[in-house]
Amino acid sequence: MPNIPLRSGGPNARIAVIPGDGIGKEVTPAAVAVIRAATAKRNRPIEFIEFDWGADRYLREGVSLPDGALEMLRDEFDAILFGALGDPRVPSNQHAADILLGLRFKLDLYVNARPTELLHERFTPLRDRTPKDINLMVFRENTEGLYVGVGGFFKKGTADEIAVQEDVNSRKGVERIIRHAFDYARARKLKRLCMSDKSNAMTFAHDLWQRVFKTVRTEYPDVDSRHLYIDTLAMELVRDPSQFDVIVTCNLFGDIISDLAAQLAGGLGLAPSGNIHPGKTSLFEPVHGSAPNIAGKGIANPFGSVLASSMLLEFLGWHEEATLLKQSIKSALAENITTPDLGGSKPTLVSWLVNYASKNS
Ligand code: NAD
Ligand code: IPM
Ligand code: MN
């Protein structure tokens with residue numbers, strides 16, 4: 001897993017745990033158990049405090065993100081381990097918008113880091129591709145774009161209805177995510193960075209992305225940077241993923257392209273992410289959602305959540321423990337200890353991962 005900007009590097013950590021809905025409630029406790037096992041023997045005091053924010057509470061009490069939650073997370077916690085939100089009983093998805101997008105926006109977690117790394121060649125659907133071909137980072141802008149909720153209806157429910165959803169892009173917002181991607185590439189001596197937009201059609205919003213990209217790239221002559229339109233990027237990722245090290249793009253395109261990239265390395269069950277503001281309380285979660293179609297069956301893959309936990313530990317500066325978590329997943333994959341989404345039959349892998357982490361810590 002790539003290094004993430006540090007929060008503190010200190011010996012103690014307080015982690016807020018928000019399992020959320022559906023399989024979030026299954027994979028998150030699994031990840032917590034593996035973190036505990038990896039940190040227990042290493043004199044790493046780590047405290048987990050769980051919050052029951054999600055659909056059940058929303059339906060019961062009408063509360064999504066409680067008053068004071070943001071300040072509490074910002075001031076009293078180093079990081080947040082998040083599961084997933086989304087429940088068929090809340091068709092508006094209002095609680096998810098309040099909680100997940102609320103945390104991303106209001107904690108100003110502007111970097112959505114979504115790495116894709118093929119951990120075992122068996123899991124790519126692409127022919128003749130190996131782990132050396134599939135190892136890239138998508139940086140998704142995480143606080144702006146089409147997600148900000150600016151818009152409205154006119155003549156709603158009539159035949160003349162109009163619906164407007166604005167794409168909001170600030171120079172500051174575009175510049176800081178592009179700069180973060182370049183800094184990341186430079187720090188890891190990764191040569192290739194691709195900025196992706198749709199400036200041929202989105203001639204205002206993505207013209208801004210073009211201009212900022214052209215200015216910022218002049219400061220990074222050591223990074224081989226280029227631009228691809230998002231439709232071409234989607235095609236190129238499938239044709240030849242080995243050409244990509246770092247991709248930076250807007251909020252909506254990053255959402256979509258990171259699911260596509262995840263599938264190149266085994267699917268959503270294996271995909272982690274970090275919602276990061278360097279130096280501030282940040283949130284780590286699997287890329288997948290609450291998967292109502294498999295929730296409650298005990299077959300959800302916890303690997304994405306464990307890999308997100310590895311990113312969280314890296315963020316804390318706990319490099320060895322982060323590596324151990326990732327290694328536990330690699331070993332499980334190598335030994336074919338997997339859930340049905342990866343072709344296995346192990347309903348829960350938690351005890352296997354916990355044993356591995358305890359034995360090797
Ligand atoms: P999803 O990611 O929940 O599921 C997509 C498919 O992948 C399903 O077939 C599911 O069974 C499978 N899958 C996902 N994670 C898996 C895992 N860990 N193990 C095994 N299989 C897994 O996406 P969806 O079905 O489009 O959305 C369901 C709900 O989740 C919606 O309410 C959506 O808004 C929400 N959602 C939330 C987040 C989040 O909280 N960050 C992310 C995506 C979707
Ligand atoms: C994700 C999800 C969310 C997003 C949804 C649930 C709003 O798909 O985290 O990728 O689009 O950001
Ligand atoms: Mn998504």
Side-chain angles (χ1 to χ4, degrees), residues 18 20-22 24 51 53-55 57-59 61-74 80 82-114 138-158 160-178 196-198 201-209 212 230 248-259 273-277 280-283 285 287-290:
I18 308 173
D21 302 331
F51 298 95
W53 306 337
R57 175 135 182 220
Y58 182 68
L59 290 167
E61 299 170 21
V63 174
S64 50
L65 193 62
D67 288 344
L70 284 167
E71 295 74 12
M72 177 192 67
L73 292 171
R74 189 190 62 205
I80 303 160
F82 189 89
L85 284 174
D87 188 301
R89 294 170 300 165
V90 188
S92 68
N93 216 23
Q94 187 57 49
H95 70 303
D98 293 351
I99 301 170
L100 180 58
L101 299 184
L103 293 176
R104 287 178 183 168
F105 292 169
K106 293 179 185 157
L107 293 174
D108 201 25
L109 306 175
Y110 65 92
V111 178
N112 195 327
R114 297 189 157 190
V138 173
F139 285 116
R140 165 187 180 188
E141 201 294 319
N142 210 30
T143 54
E144 302 194 337
L146 279 156
Y147 276 69
V148 297
V150 173
F153 299 109
F154 182 53
K155 300 186 183 174
K156 188 175 180 188
T158 73
D160 296 323
E161 175 164 355
I162 294 171
V164 175
Q165 194 98 34
E166 294 291 350
D167 189 7
V168 174
N169 296 261
S170 71
R171 177 174 280 274
K172 174 184 151 191
V174 174
E175 182 170 341
R176 66 184 180 173
I177 190 66
I178 289 180
S196 189
D197 64 19
K198 190 69 190 167
M202 297 174 64
T203 50
F204 304 114
H206 288 184
D207 184 71
L208 177 61
W209 278 76
V212 172
I230 190 69
V248 58
T249 189
C250 65
N251 205 339
L252 182 63
F253 296 167
D255 178 47
I256 298 165
I257 217 76
S258 58
D259 270 30
S273 73
N275 300 258
I276 298 165
H277 188 124
K280 297 192 180 171
T281 308
S282 295
L283 183 154
E285 59 172 336
V287 173
H288 65 72
S290 55

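The figures that follow rest on heavy atoms only: side chains count, while hydrogens, waters and symmetry mates do not.
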Please report the shortest heavy-atom distance between [X] and [Y], naming the atom on each side.
{"X": "Ala69", "Y": "Trp53", "answer": "CB-CH2, 3.6 Å"}
{"X": "Ala84", "Y": "His288", "answer": "CB-O, 4.0 Å"}
{"X": "Gly157", "Y": "Glu161", "answer": "N-OE1, 2.7 Å"}
{"X": "Ser64", "Y": "His95", "answer": "CB-CA, 4.0 Å"}
{"X": "Ala55", "Y": "Asp21", "answer": "N-OD1, 2.7 Å"}

Quiz item: Within a radius of less than 6.0 Å around NZ of Lys198, do more than 12 heavy atoms belonging to other residues, nucleotides or ligands occur?
Solution: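 Enclosed: over 12 neighbouring heavy atoms sit under 6.0 Å from NZ of Lys198.
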Has [X] got a side-chain atom pairing as donor or acceptor with [Y]'s backbone, closer than 3.5 angstrom?
{"X": "Ser282", "Y": "Ile276", "answer": "no"}
{"X": "Thr249", "Y": "Ser196", "answer": "yes"}
{"X": "Asp98", "Y": "Leu65", "answer": "no"}
{"X": "Ser290", "Y": "Gly86", "answer": "yes"}
{"X": "Glu141", "Y": "Thr143", "answer": "yes"}

Quiz prompt | Test log, rule side-chain contact (heavy atoms from CB on, under 4.5 Å), inputs Leu103 and Asn275 | solution = CA-CA 9 Å; Leu103 293 176; Asn275 300 258; over 6 Å; no
With rounding to the nearest 0.5 angstrom, report the [atom1] to [atom2] distance, [X] to [Y].
{"X": "Asp197", "Y": "Trp209", "atom1": "CG", "atom2": "CH2", "result": "8.0 Å"}
{"X": "Leu146", "Y": "Phe253", "atom1": "CG", "atom2": "CZ", "result": "8.0 Å"}
{"X": "Glu144", "Y": "Asn169", "atom1": "CD", "atom2": "CG", "result": "6.0 Å"}
{"X": "Ile99", "Y": "Leu85", "atom1": "CD1", "atom2": "CG", "result": "5.0 Å"}
{"X": "Asn251", "Y": "Arg104", "atom1": "CG", "atom2": "CZ", "result": "7.5 Å"}
{"X": "Leu283", "Y": "Leu100", "atom1": "CG", "atom2": "CG", "result": "7.0 Å"}

Quiz item: Regarding Asp87 and Tyr58, is there a side-chain donor-to-acceptor distance under 3.5 Å anywhere?
Solution: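 On atom types as modelled, these side chains do not qualify, holding no pair under 3.5 Å.
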Check whether any side-chain heavy atom of [X] sits under 4.5 Å from a side-chain heavy atom of [Y], and report yes or no.
{"X": "Asn142", "Y": "Val111", "answer": "no"}
{"X": "Ile230", "Y": "Ile256", "answer": "no"}
{"X": "Asp167", "Y": "His206", "answer": "yes"}
{"X": "Val138", "Y": "Ile257", "answer": "yes"}
{"X": "Met72", "Y": "Pro66", "answer": "no"}
{"X": "Leu107", "Y": "His277", "answer": "no"}

Quiz item: Do NZ/NE/NH1/NH2 and the carboxylate oxygens of Asp108 and Arg176 come within less than 4.0 Å?
Solution: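 Salt bridge present between Asp108 and Arg176.
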Quiz item: Under a 4.0 Å N-O cut-off, is there an ion pair linking Glu175 with Arg171?
Solution: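 A salt bridge is absent here (no side-chain N lies under 4.0 Å from a carboxylate O).
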